[in-house]
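First the structure, in the form of structure tokens, and then the observations on it.
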Amino acid sequence: MRIDLTPEQEAWLRAHVASGDFGSVEEAARRLIDDRIAELSACGKARPEALMVGELGEDDLDAIARTEMAERHSHLDRELK
């Protein structure tokens, strides 16, 4: 699977890799997506069986990534203050 990031997403990821939050951009993307899927599953918004049968489309994955990036960015900003 290939995911195209916006320049802002890529810059955010690279900055957090440089600061040591993640080992690589790929690791960051996987962890952020995994975290968001777990959150959605916990609150019943993403059924685990949907993941298994591929019901999540590219738009769903993009939305998950955008939401997680925004939430993670906000969370890390609070930690740094």
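Residue indices begin at 1 and follow the sequence shown. Hydrogens, waters and symmetry mates play no part in the numbers below; they use all other heavy atoms, side chains included. This one's a predicted model, so the numbers in the text were calculated from it and none came from an experiment.
Ring geometry for Phe22 versus Trp12: interplanar angle of 30 to 60°, hence tilted.
Using a 4.0 Å cut-off between charged nitrogen and carboxylate oxygen, Asp4 and Arg2 count as a salt-bridge pair.
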(Q) Quick one, Arg14 with Val25, criterion side-chain contact (heavy atoms from CB on, under 4.5 Å). Give me CA distance, side-chain angles, the key distance, then yes/no. (A) CA-CA 6 Å; Arg14 290 192 185 284; Val25 170; 3.9 Å; yes
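With rounding to the nearest 0.5 angstrom, the CG atom of Leu32 is 11.0 Å from the CD1 atom of Ile37. Asp35 contributes atom CG, which lies 11.0 Å from atom CG of Leu40 (distance to the nearest 0.5 angstrom).
Every salt bridge (charged side-chain N to carboxylate O under 4.0 Å, His left out) that Glu27 has, sequence neighbours left out, goes to Arg31.
Contact detail for Val17 and Ser24: the closest heavy-atom pair is CG2-C, 3.4 Å.
Distance alone, capped at 3.5 Å, places no donor-acceptor pair between the Glu10 side chain and the Pro7 backbone. Listed for the Ser19 side chain is a donor-acceptor partner under 3.5 Å among the backbone atoms of His16.
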